[in-house]
Structure formats: structure tokens, C-alpha cells
Amino acid sequence: MSRQLGSEFRDFQTALDEDPVTGLRVNSLKITAQEYQARTPLRLGEPIPWAPGAYILPPSDLSAGNHAHHRAGLFYLQDPSAMAPAALLDPGAGERVLDLAAAPGGKTTHLAALMGTGGLLVANEIKDKRVGHLAMNVERWGASNVVTTNESPERLVDHFGATFDRVLVDAPCSGEGMFRKDMGARLDWSPEVVRGCALRQKNILSLAAKLVKAGGRLMYSTCTFATEEDEEIILAFLKTHPGYEVVPLPDLPGSMRGQPGWMEGAPGDVALTRSLEGALRLFPHRIAGEGHFICLMQKTGAEKQERIHDPQWKSRESPLADMDCYQERLFQDFWSDLQLPAQPAAQLKVWGERLYLVPEDMPDPGSLRLIHPGTWIGRFKTGRFEPAHPLALRLQANQVGRVVDLMPGEARLDAYLHGEVLASEGEDGWVLVCVDGFGLGWGKRVQGRLKNHYPKGWMQSTG
């Protein structure tokens with residue numbers, strides 16, 4: 001780093017001894033940034049220039065993950081540098097987007113907010129231990145167009161083929177960019193780890209390329225400074241995938257261009273090597289954030305096309321089904337009782353005993369390992385329908401017939417989040433529990449007592 005950064009190295013070294021930076025990104029699917037600024041008790045710092053609706057969080061508010069607004073999905077806490085890839089990928093409404101290595105969900109939630117309510121976003125995580133955290137953050141976000149999967153890239157290629165408009169590969173890496181915030185990344189680092197990560201990254205990126213349709217875009221990002229995992233990975237990819245070319249990214253405040261001159265060995269194809277300057281590098285001594293590398297590529301169509309499923313992505317293996325008459329009656333009884341807003345019947349699908357609201361552009365999942373094929377609405381039980389927690393996180397107080405609306409700092413709110421039964425007068429039945437008007441969870445009122453249905457797994461979780 002001293003050789004590469006030259007006169008900047010001392011500032012870089014000093015930055016590594018400073019406190020890490022945390023950003024707060026407002027969930028625009030639920031509330032505008034202006035509205036949230038007007039109601040939040042948190043102190044928001046400077047806006048993050050590449051992520052509208054995101055702010056630097058002062059050190060005094062770093063416990064914001066415990067705030068009820070966070071539990072209701074009104075914001076996400078994220079390294080400001082990690083907000084750049086989704087913003088630069090810039091997915092459009094109605095597109096098909098894949099976040100290939102999505103856990104814990106920061107970039108997925110950002111992509112979902114940028115896409116709005118249309119299109120399809122597949123959030124995939126191959127590691128079983130990480131996919132639960134991803135699913136929780138997606139549920140909290142309340143997006144209606146996200147499918148969460150637990151698959152290998154190879155299986156996704158076999159199932160989907162080259163059908164995505166945009167694919168994000170936030171590749172597993174040696175984590176050099178996280179050294180000042182993650183002691184584990186420091187302790188785990190070695191030259192062998194860097195070389196091992198580079199081998200995995202080459203394989204993942206080659207597989208990801210098979211999921212991008214002609215004219216589509218592929219973004220590669222890491223949180224490491226190592227050229228072996230950054231520029232060298234992109235150069236090797238471009239040499240073996242002539243149908244891809246680098247799309248120069250716009251400069252961000254404080255960013256550095258890609259640095260092909262830092263690579264070891266002869267450059268080979270000069271024009272190809274120089275195109276790496278279209279990538280961006282983010283350094284903690286230049287910006288309020290940690291380290292990141294970002295490169296965007298476009299598939300020109302010259303590369304041989306991989307097998308593509310038919311346009312409707314239909315299959316005979318689908319585990320999803322329409323409601324039968326009995327299930328529909330139970331669901332309608334529940335829905336009418338709470339006076340909930342109408343849902344498109346064609347997007348309501350049964351998976352086992354669960355009911356989901358699936359994205360309009362939902363592919364047939366076939367035998368893919370699904371975590372959630374959309375928004376989990378509820379569960380069919382003998383003689384009744386019970387609402388699921390993710391449904392509560394999609395609703396607001398003005399959409400539901402029975403509501404208990406609590407305020408941040410209120411003792412009853414703390415009691416609810418700890419699973420306690422609350423005193424609550426009113427009509428018996430299911431009740432949406434809100435914080436500041438936004439859905440937080442469910443309770444069931446019986447004779448003046450609100451039985452708590454806040455999930456036990458969420459009580460201690462701060463996301």
C-alpha cells in the first residue's frame with residue numbers, strides 16, 4: 001500500500017486508526033427522506049452524496065440498530081462505501097435483477113428501494129448460516145418484488161440462463177477494506193487468503209456472466225484493496241469473455257479511478273488494460289466510509305448466448321399453487337375482518353401451508369431452494385388463517401381496521417418488543433401493532449389483553 005499510494009499512504013495509515021463510519025439509509029418504499037428527517041429522534045449527519053436519502057450517523061447514535069424505527073424497517077444501517085454499488089448499478093423499474101451473493105442484505109434492500117414496486121429482484125445467498133440474516137432484512141424492508149433463494153451460482157445458471165437485466169456480484173474477498181471496523185478481517189488476512197479469494201472470484205464472475213442477457217449489465221464489487229482481487233480479476237475476465245466491456249463509472253466525491261498500473265506483470269492488451277480505469281476505488285482517507293472496489297461491465301451480445309428458458313419461465317415442477325376454495329374462504333374472512341387493502345389474486349400463491357404474495361414477474365421456481373418466493377402473508381391452520389410477521393412490516397396504521405399505535409420511548413413499546421402481553425381495550429381479534437404509524441408486528445386481543453405475536457427470533461435482533 002505504501003508503494004501504491006505514495007504520498008497518500010500516511011493519510012491512509014492514519015485513517016485506519018480512526019473510528020469506522022456508519023451510514024443510515026432511509027427506506028424510500030415506506031417514507032421519504034424529508035418525512036423521516038422531520039420525525040426521527042436520531043441525529044443525522046451529512047448526506048452521503050452517492051446515495052440520496054442516506055446520511056452519516058454521528059458516533060452518539062451508533063445504537064440506532066436497537067431503535068424501533070429500525071425494527072419497523074424505516075432505515076438500514078450500512079457502510080457509506082457499500083451504498084455505492086447499488087446506486088451505480090442503477091436498476092430500472094420493471095427490470096429483472098439478481099444480487100448473487102446478497103447476505104446480509106444491505107445491497108439487496110438498496111436495489112429494492114431503487115426499483116420501487118415493479119420488476120423482480122432475486123436475492124441469493126449460498127451459505128446456510130448467512131441466508132437467515134438476509135431473509136430477515138428483506139422482510140423488514142417490506143419490498144413486494146423480492147424472491148430470496150439459497151442456491152449455488154451453478155444451479156441458478158441451470159435454472160434461469162441469461163435472463164437478467166442486471167447482476168450484482170458483491171464477491172467474497174479478503175476484506176482489507178474492513179480492517180478498521182472488523183478485527184476478524186485483520187486476524188484472518190494472509191497472502192494465501194488473497195490468492196484463495198481470487199480463485200473463487202474468477203469462478204463466481206464467470207458463472208455470473210451466464211446469467212446476464214444481451215445488453216444487460218454485470219457489476220463486480222469487493223471490499224478489499226488487493227489488485228489480485230480487483231483489477232486483475234476484471235482483466236482476466238475480459239480476456240476470456242470478449243462479449244463484455246467495461247462501462248466507465250462516474251467519479252464520486254473523493255473516489256479514485258481503477259489502477260491497472262498497480263498490477264504485477266506485463267499488461268498485455270493495452271486497450272483492454274486501460275479500460276480498467278473505468279472502475280472506481282474508495283479509500284477511508286478520501287471519503288467518509290471504508291474501502292471498496294467497483295467495476296461495471298456490459299454484455300454486448302457478441303458472446304455466445306447461454307441457454308435461456310422460455311419468456312414466461314414456466315416449469316412443470318412448481319411448488320407454488322393457487323388457493324383452493326376452503327383456503328380462499330379462510331383468507332378472505334381474515335382479510336375482511338381487518339379491512340385490509342385488496343391484493344391481486346393472481347399473485348397470491350400457496351407454498352405448503354404458507355400463503356405468499358409473489359412478484360408479478362415471478363419465475364416458476366421449479367426445484368430451486370427457496371427461502372421466500374415473495375412476501376410471506378400468513379399460514380393456513382385448521383379452521384383459521386394466521387398472519388405472518390412480514391405482512392405486518394408491509395402495512396401502515398391507516399390501512400388496517402384494528403391497530404395499536406405506539407411511540408418510540410413508550411414503555412408499552414419496549415414491553416411489546418420483549419414479548420410481553422399488553423393491556424388493550426377494544427374489539428377482540430388480530431391487531432396490527434405499529435410504531436409511529438408503521439407496522440411492527442401482530443398481537444391478538446382477547447378480553448382486554450393483547451397476546452404478543454412478535455417473533456422470538458426478532459426480539460434480540462438488531463439486523
Side-chain angles (χ1 to χ4, degrees), residues 20-91 93 97 99 102-117 121 123 133-146 166 168 170 177-178 181 219 221 223 252-255 280 282 284 287-292 294 393-394 408 435-436 438-439 461-463:
V21 178
T22 298
L24 181 151
R25 178 166 45 78
V26 176
N27 185 353
S28 59
L29 298 177
K30 296 187 178 185
I31 189 171
T32 68
Q34 293 75 19
E35 289 170 337
Y36 190 68
Q37 281 182 307
R39 74 168 67 196
T40 181
L42 302 173
R43 293 193 307 112
L44 304 181
E46 291 295 315
I48 297 170
W50 49 84
Y55 306 88
I56 301 296
L57 200 62
S60 60
D61 281 332
L62 293 185
S63 62
N66 289 317
H67 197 279
H69 283 172
H70 182 249
R71 293 175 181 268
L74 297 190
F75 62 80
Y76 192 95
L77 298 178
Q78 190 176 20
D79 165 29
S81 298
M83 298 182 194
L88 293 169
L89 185 57
D90 191 25
V97 180
D99 189 352
K107 294 178 177 67
T108 294
T109 58
H110 198 174
L111 290 168
L114 293 168
M115 292 172 68
T117 58
L121 174 56
H133 199 179
L134 167 64
M136 182 179 289
N137 281 323
V138 169
E139 290 170 3
R140 183 184 289 119
W141 207 242
S144 60
N145 56 353
V146 183
R166 296 173 198 259
L168 172 61
D170 187 39
M178 298 292 107
K181 68 180 295 185
M219 175 168 279
S221 71
C223 57
L252 301 181
S255 64
L280 290 183
L282 304 179
I287 65 166
E290 308 310 308
H292 239 73
I294 311 164
L393 295 167
R394 280 177 51 84
V435 57
D436 219 357
F438 292 89
S461 172
T462 63

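- Residues W141 and N27 are in side-chain contact: their nearest non-hydrogen atoms beyond the backbone lie under 4.5 Å apart.
- Nearest heavy atoms, G23 versus I48: CA-CD1, 4.1 Å.
- Closest of all the heavy-atom pairs between A84 and L282 is CB-CD1, 4.2 Å.
- Put simply, the side chain of P49 does not reach to within 4.5 Å of the side chain of L252, judged on heavy atoms.
- Residues P408 and V435 meet the side-chain proximity criterion, which asks for heavy atoms closer than 4.5 Å.
- Minimum heavy-atom separation, A112 to A143: CB-CB, 3.9 Å.
- With hydrogens and angles ignored, the 3.5 Å screen pairs no side-chain donor or acceptor of W50 with any backbone N or O of P253.
- Across all their heavy atoms, S144 and R394 have their closest contact at CB-NH1, 3.0 Å.
- Of all non-hydrogen atoms in L393 and K30, the two that sit nearest each other are O-NZ, 2.8 Å.
- Here salt bridge (charged side-chain N to carboxylate O under 4.0 Å, His left out) pairs that include residues 46-56, with residues two or more places apart or in two chains, number zero.
- Checked by atom type and distance alone, the side chain of T40 never pairs as donor or acceptor with a backbone atom of Q37 at under 3.5 Å.
- For E139, the salt bridge (Lys or Arg N to Asp or Glu O under 4.0 Å) criterion is met by no residue, not counting sequence neighbours.
- In this structure, the side chains of P85 and H110 stay at 4.5 Å or more apart for every pair of heavy atoms.
- In this structure, Y55 and A33 approach most closely via the heavy-atom pair OH-CB, 3.5 Å.
- Here D170 pairs with K107 in a salt bridge; the nearest charged N to carboxylate O distance falls below 4.0 Å.
- Contact of the V138 side chain with the T108 side chain is registered, since non-hydrogen atoms from C-beta on lie closer than 4.5 Å.
- The ring pair (Phe, Tyr, Trp, His ring centres under 6.0 Å) search around H69 returns Y36, H67, not counting sequence neighbours.
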